[in-house]
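Read through the structure below, which is laid out as structure tokens, and then see the notes.
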Amino acid sequence: MAAPADDPLAQLAEQLERLSSANLALGEAAEQLIAHAREERIALREAAREARTAARAAAAASARTHALADDGDR
């Protein structure tokens, strides 16, 4: 009978076990990345919302300033 190191089925079983472990690790890493991406997406969405609000406020202030300047020119 062949030694375990020379047994192709034993080698295949070892390789499959390593691949299975690697696949599991990749799956867990992907889950963490997806969760992180969701958190980042939420934060980016909130930041964009705040930026739009600030831009609207700046535009309104600019319009009021121009209106006051126009009234002062009259």
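Keep in mind that the numbers below use all heavy atoms, side chains included, and drop hydrogens, waters and symmetry copies. Positions are given from 1, in the same order as the sequence printed here. Computed from a prediction, not measured in an experiment: that's the story for all the values here.
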#### Entry: Contacts of His36 that satisfy side-chain contact (heavy atoms from CB on, under 4.5 Å) - sequence neighbours left out
Glu39, Glu40

Show the atom names and distances, to 0.1 Å, of all donor-acceptor pairs under 3.5 Å that link a side chain in residues 49-65 to residues at least two apart or in another chain.
| unit_1 | atom_1 | unit_2 | atom_2 | d |
| --- | --- | --- | --- | --- |
| Thr53 | OG1 | Arg49 | O | 3.0 |
| Thr65 | OG1 | Ala61 | O | 2.8 |

### Task
Check which hydrophobic residues are tied to Ile42 through side-chain heavy-atom contacts below 4.5 Å, counting indirect links as well, and list them.
none

Could you pull out every donor-acceptor pair under 3.5 Å between side chains of residues 17-31 and any protein atom, sequence neighbours left out?
| unit_1 | atom_1 | unit_2 | atom_2 | d |
| --- | --- | --- | --- | --- |
| Ser21 | OG | Glu17 | O | 3.2 |

### Query
Which ILVMFWY residues can you reach from Leu12 by hopping between side chains whose heavy atoms are under 4.5 Å apart?
Leu16

